[in-house]
Amino acid sequence: MTQLTDPRALLYGEGKLTPEEAQALARETLQRCDDGELFLQFIASEAFGFDDGRLKTCDYSRDAGFGLRGVSGEMTGFAHANDISAGAIRRAGETLRLLDLATGARSAPPRASNRHLYTDASPLDLVPFAEKVKLLETIDAAARARDPRVAQVSASLAASWSVVEIVRADGYVAHDIRPLVRLNVSIVAEQNGRRETGSFGMGGRYLYDSLFDPAQWNRAIDTALQQALVNLDSVAAPAGEMTVLLGPGWPGVLLHEAVGHGLEGDFNRKGTSAFSGRIGDRVGAPGVTVVDDGSIPDRRGSLSIDDEGTPTSETVLIEDGILKGYMQDRLNARLMGVEPTGNGRREDYAHAPMPRMTNTFMKGGNDDPAELLSRVKNGIFAKSFGGGQVDIVSGKFVFSCTEAYKVENGKLGAPIKGATLIGDGPSVLTRVRGIGNDMALDEGVGVCGKGGQSVPAGVGQPTLLIEGLTVGGTG
């Protein structure tokens, strides 16, 4: 794919729809609706997988299509196709005729914004194929040379580049360019017949340059290897209710699952979240401030505009322990009588938007992380997490630790294996007893799933001291 002077030519051009036709079709197909949009998208993606010393997978794809959504009252009609043409859009418009005729005032368009977080350049085009394969070969060789205990190395490189345009019946038009890159390194170390794995990933909405920097990919190798070697010496995790110290950055994924989903507008409008109807209530300890911010440059969860055309911004969810608001798309914001927050997101043109997180994190406090560690008499330090899950209604969550340590009398002890953290979102923030001054965002690898859709997301937090979490152990 050659780089284009105007990326919108991938949506409009010779033999395709014109911008004027798109606006006319939006007016024609959405005339019965309170709200809605014609969402046009082109996306190109690639992925390389290097394993066992050779290139195992190499994928490249291009796709383009539209999603047409109409909203009338609480009803939504949606149709999509991978054919950006007037005929296909008119056929999709037939679906919207099933909606009740809107009787209220039409929703106002999103506020206009000239902000564009990214350049028009595509990461797929700026680095030749051979150099991408060479990077993975180099990472594989370097990792194996680090330590004789390295038994297996896997490395992957992936990128996507998307052009989106949102066209509304009221004449509002907005577009965005969205690059996304990611590098992952996984290492298996073996010693005395025991094998353990360590992994590390990084990425964001930028071009490949950073990932090809030797300092960066060497850091990925060193971090993955260190985790694998630590786990070789791990002992069975203890079990029971205890004090837990969470590390900064990626452990914010616990916050994302335990609290974040419960603060999305749709669950609260329907009364199915543990946080429903609790605006103004204390839901966290003093000092706990949680925000969602999709406007941070380069971050994996960031967007210039959301997938309904609303500019992203910082949304304060919890301030000093008090619940202040929810993340909203246009539909739920209208029905709840509040403003959209720029959190209407979709996986791609084939999906309708819904309220989703962007970059969700807890702000830093004033505590020295070393001092927080010294307060732990008997507990664990969770440095990194793997998978987790949450029940939105109850807020109950379960998380597995990929790197964790015993803590005894304020000092780090042996690494532990098999630790899981069990709790519930509504109470976990009330158990916070210390907030570090080292807030960090994750390295840019998060993927959030909801309603069958996956979107890139960011997390973050400072070092947190939490009292009385249940640890499920193996010993």
Specify the closest pair of heavy atoms between [X] and [Y], including all atoms of both residues, with the distance to one decimal.
X	Y	value
G344	D306	N-OD2, 2.9 Å
T29	I89	CG2-O, 4.1 Å
V244	V471	CG2-CG2, 4.0 Å
G365	I435	N-CG2, 3.3 Å
V163	P7	CG2-CB, 3.8 Å
P110	G309	CB-O, 3.5 Å

So, the side chain of [X] versus the backbone of [Y]: is there a donor-acceptor pair under 3.5 Å, distance only?
X	Y	result
E347	S454	yes
R205	P179	yes
D281	V283	no
D320	G287	yes
R431	G468	yes
R54	E137	no
T18	E21	yes
S295	S313	no
D442	G460	no
R356	C448	yes

Do the side-chain N and O atoms of [X] and [Y] include a donor-acceptor pair separated by under 3.5 angstrom?
X	Y	value
R182	N184	yes
D424	S427	yes
Y208	E131	no
T420	S400	no
S154	D51	yes
D293	T315	no
D176	S304	yes
S61	S45	yes
T463	D438	yes

Please determine whether a side-chain nitrogen of the Lys or Arg among [X] and [Y] lies less than 4.0 Å from a carboxylate oxygen of the Asp or Glu.
X	Y	result
E308	R345	no
E443	R219	yes
D35	R168	yes
R178	D307	yes
R97	E28	no
K450	E264	yes
K56	D52	yes
E314	K363	yes

Can you find a heavy atom in the side chain of [X] that is under 4.5 Å from one in the side chain of [Y]?
X	Y	value
P426	R278	yes
V153	V188	no
L317	V291	no
W217	T138	yes
Y206	L180	no
E46	D59	no
Q328	R269	no
Q152	I187	no

**Q.** Trace of the side chain to side chain contact (heavy atoms under 4.5 Å, CB included) decision for L421 with T470
**A.** CA-CA 6 Å; L421 300 185; T470 299; over 6 Å; no
Q: Only one of T341, T360, N359 passes side-chain hydrogen bond (donor to acceptor under 3.5 Å, both in side chains) with D292; say which it is.
A: T360
Q: With R69 as the cation and F39 as the aromatic partner, state whether NZ or CZ is under 6.0 Å from the six-membered ring centre and within 45° of the axis.
A: no
Taking the ring centre of each residue, are [X] and [Y] less than 6.0 Å apart?
X	Y	value
F66	Y349	no
F275	F267	no
H80	H351	no

Q) Angle class for the H256/H261 ring planes (parallel below 30°, perpendicular above 60°, tilted otherwise)? A) perpendicular
Q.
Does the plane of the ring in W161 sit parallel, tilted or perpendicular to the ring in F42? Use 30° and 60° as the thresholds.
A. perpendicular
Q | The single option from L117, L441, T358 passing side chain to side chain contact (heavy atoms under 4.5 Å, CB included) against R299 | A | L441
Quick one: [atom1] on [X] to [atom2] on [Y], what's the gap to the nearest 0.5 Å?
X	Y	atom1	atom2	value
N82	Q41	CG	CD	12.0 Å
T223	M202	OG1	CE	7.0 Å
K132	F48	NZ	CZ	5.0 Å
D329	T310	CG	OG1	9.0 Å
T57	F50	OG1	CZ	11.0 Å
I305	I166	CD1	CD1	4.0 Å

Q: Just do the side chain to side chain contact (heavy atoms under 4.5 Å, CB included) check on F200 and S186 with the steps written out, would you?
A: CA-CA 7 Å; F200 185 78; S186 178; over 6 Å; no
Q: Test N343 against Y326 for side-chain hydrogen bond (donor to acceptor under 3.5 Å, both in side chains), laying out the working first.
A: CA-CA 10 Å; N343 289 91; Y326 306 122; over 6 Å; no
Q) Is atom CD of E339 surrounded by more than 12 heavy atoms (other residues, nucleotides or ligands) closer than 6.0 Å? A) no
